[in-house]
2 protein chains.
Amino acid sequence: MRLVIARCAVDYQGRLSAHLPLAVRLLMVKADGCVCVHADSGAYKPLNWMTAPNVLVEEPGPAEGLLSRWTVTNPKGERLTIDIEEVLLDVDEPLGIGPGLVKDGVEAHLQELLAGDPTVLEAGLVLIRREHATDIGPVDLLCRAADGHTVVVEVKRRGDIDGVDQLGRYLGRLQLDSRLHPLRGVLVAQQIAPQAKVLCQARGYAWVEVDYDLLRGARLPDLTLF
Amino acid sequence: MRLVIARCAVDYQGRLSAHLPLAVRLLMVKADGCVCVHADSGAYKPLNWMTAPNVLVEEPGPAEGLLSRWTVTNPKGERLTIDIEEVLLDVDEPLGIGPGLVKDGVEAHLQELLAGDPTVLEAGLVLIRREHATDIGPVDLLCRAADGHTVVVEVKRRGDIDGVDQLGRYLGRLQLDSRLHPLRGVLVAQQIAPQAKVLCQARGYAWVEVDYDLLRGARLPDLTLF
DNA sequence: TATTACATGTCGACC
DNA sequence: GGTCGACGTGTAATA
């Protein structure tokens, strides 16, 4: 990884146009070719960048008082131009390839907990199948309610308006299968946006906000005693 | 900005759990306190990070063979732990506050241009209101067509299938207001995905692909002469 | 502060 | 290569 701290101006032409006036920035060039321009604030997104694959050309500055110019181009026709006036630091240190990041997410776990006990959502609810396949994607949970309804459950960490649409698409798809009639839909999330609730209301879908920690605790009651 | 290249292991506990095994990484500490852990590949997202505001505590490693431990915590209860075994580089260079990034060509600009002259979408189209409020979000452009239709315009930089859904939501919502009848919908973008066009077709929505540069040029014809 | 929609989103999975 | 869904999404603007 090459790290350069320099007084520079940056231009990007591609999906949009962006210009960064002259100032001191960090230029980061990764081993895979990715170039990032960072300021000393604003986590964690760089001001400008160019992802791999790309080509970086470094040449003497074309104008007076310009030390050098970096031109980074990619096959999509995007272009990043960095005009350097002064270099304060320039180091190149190989990092090598490190082992990957190991994640333990909440979303999948939430679905798992609900599959284990759907009655959290509605009394008497019984799981038919998890990740029930349809030709427009898998339904998170397919359940049977006490009143005989088939219930389509869409699980999200955060329930936004697009999650309501997703639920609607599954309902529309499963509606075609008369064996599943009558059909109902539920949006489940730790937090549901007001607009998503309005849309659920309008379309006749139910929604449930669940507390992840509480839910996890409910399945491990022995651990909550002391 | 402080830049440290070190052999280290990283743990994150917060919205999820993540562990990064021992390897050489770049640690970036910005003036506002943001901490990022970068590998030598992968644009531009860090492997781990902690956004400001936060507190960074640096202390001697608690175990044998451990040089030091950084603990970064924030008010939300998230925690980033960096165990450092070897430091290959450690520099601290003030960058100062630079001028901001200037962007051109984002959705807002496109919307602005279209609001200024809706006839590029359809002859005779007149703007009623920009950002017309509904309880499921603002309609980008609400227009009146020559044939008396009210036209709902959804503007995107890139038209994807979710943009068609968004247009559909607004149409469904405004359909409830008989004063706006009859109603039509148009999806506008610089580029529209094939599937989005298919969905528009199926639902009876119109779509228009516009050239941003051309559009901008059309409003400034005198500037394009030479 | 909370709510919302945009983002040069990025990234992975699947087709 | 395109589409789709998730992300510790981040980020800015707005109410």
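Every chain is numbered from 1 and lettered A, B, ... according to where its sequence line falls, protein lines coming before strand lines.
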Would you mind reading off the distance between B:K76 atom NZ and D:dG10 atom C1', rounded to a whole angstrom?
-> 10 Å
Would you say B:Q111 reaches C:dC6's phosphate, i.e. side-chain N/O to OP1/OP2 under 4.0 Å?
-> no
Look at B:K45 and C:dC11 and indicate whether a side-chain polar atom (N or O) is within less than 4.0 Å of OP1 or OP2.
-> no
Report yes if some heavy atom in the side chain of A:R144 is under 4.5 Å from a heavy atom in the side chain of A:T150; otherwise report no.
-> yes
Check the distance between D:dA6's C1' and A:E131's CD and give it to me in whole angstrom.
-> 13 Å
Rounded to the nearest Å, what distance is computed from the CG atom of residue A:D160 to the C1' atom of nucleotide D:dC4?
-> 17 Å
Please give, in whole Å, the distance from C:dT3 P to B:D135 CG?
-> 16 Å
Say you pick atom P in C:dT4 and the same atom in C:dT8; how far apart are they, in whole Å?
-> 22 Å
Could you tell me whether the phosphate oxygens of D:dT3, OP1 or OP2, come under 4.0 Å of any side-chain nitrogen or oxygen in B:R158?
-> yes
Residues within residues 12-20 of chain A bordering DNA chain D, heavy-atom distance below 4.0 Å = none
B:E209 side chain to B:Q191 main-chain N or O, any donor-acceptor pair under 3.5 Å?
-> no
Where do A:L27 and A:I5 land on the side chain to side chain contact (heavy atoms under 4.5 Å, CB included) test, with the steps shown first?
-> CA-CA 6 Å; A:L27 310 177; A:I5 293 179; over 6 Å; no
Flag for A:Q111-A:R130: side-chain donor and acceptor within less than 3.5 Å = yes
From D:dG5, D:dG8, C:dC6, nucleotide with atom closest to B:L80 side chain = D:dG8
In whole angstrom, give me the gap between the P atoms of D:dG8 and D:dC4.
-> 22 Å
Rounded to whole Å, CZ of A:R157 lies from P of D:dC7 at a distance of 7 Å
Result for 5'-nearest mapping on DNA chain C, choosing between B:L101 and B:P138, is B:P138
How would you label the contact of B:G42 with the nucleic acid (heavy atoms, under 4.0 Å): base, sugar-phosphate, or nothing?
-> sugar-phosphate
Hey, does the side chain of A:Q166 come within less than 4.0 Å of D:dA6's phosphate (OP1/OP2), counting only N and O?
-> yes
Using a 4.0 Å heavy-atom cut-off across all strands, classify A:I161 as base, sugar-phosphate, or nothing.
-> nothing
Any luck finding a side-chain donor-acceptor pair between A:H38 and B:K30 under 3.5 Å?
-> yes
For A:N48, which contact category applies under a 4.0 Å heavy-atom criterion: base, sugar-phosphate, or nothing?
-> base
Is any side-chain nitrogen or oxygen of B:W49 closer than 4.0 Å to OP1 or OP2 of D:dT9?
-> no
Carboxylate-amine/guanidinium proximity below 4.0 Å for B:R216 and B:D104 | yes
B:K156 side chain to B:Q190 side chain, donor-acceptor N/O pair below 3.5 angstrom = no
Rounded to the Å, how far apart are B:Q195 CD and D:dG5 P?
-> 10 Å
By nearest-heavy-atom nucleotide on DNA chain D, the more 5' of B:A193 and A:V155 is B:A193
Look at all strands and tell whether A:R79 reaches a base, only sugar-phosphate, or nothing, counting heavy atoms closer than 4.0 Å.
-> nothing
Taken to the nearest whole Å, CD1/B:I136 to P/C:dT4 is 12 Å
Atom pair distance, as rounded to whole Å: OH in B:Y44 and P in D:dG10 | 11 Å
Tell me what B:G137 touches on the nucleic acid: a base, only sugar-phosphate, or nothing, going by heavy atoms under 4.0 Å.
-> sugar-phosphate
Is B:N48 reaching over with its side chain to a backbone N or O of B:Y12, donor-acceptor style, under 3.5 angstrom?
-> no
Contact class for B:D162 vs. all strands (heavy atom < 4.0 Å): base, sugar-phosphate, or nothing?
-> nothing
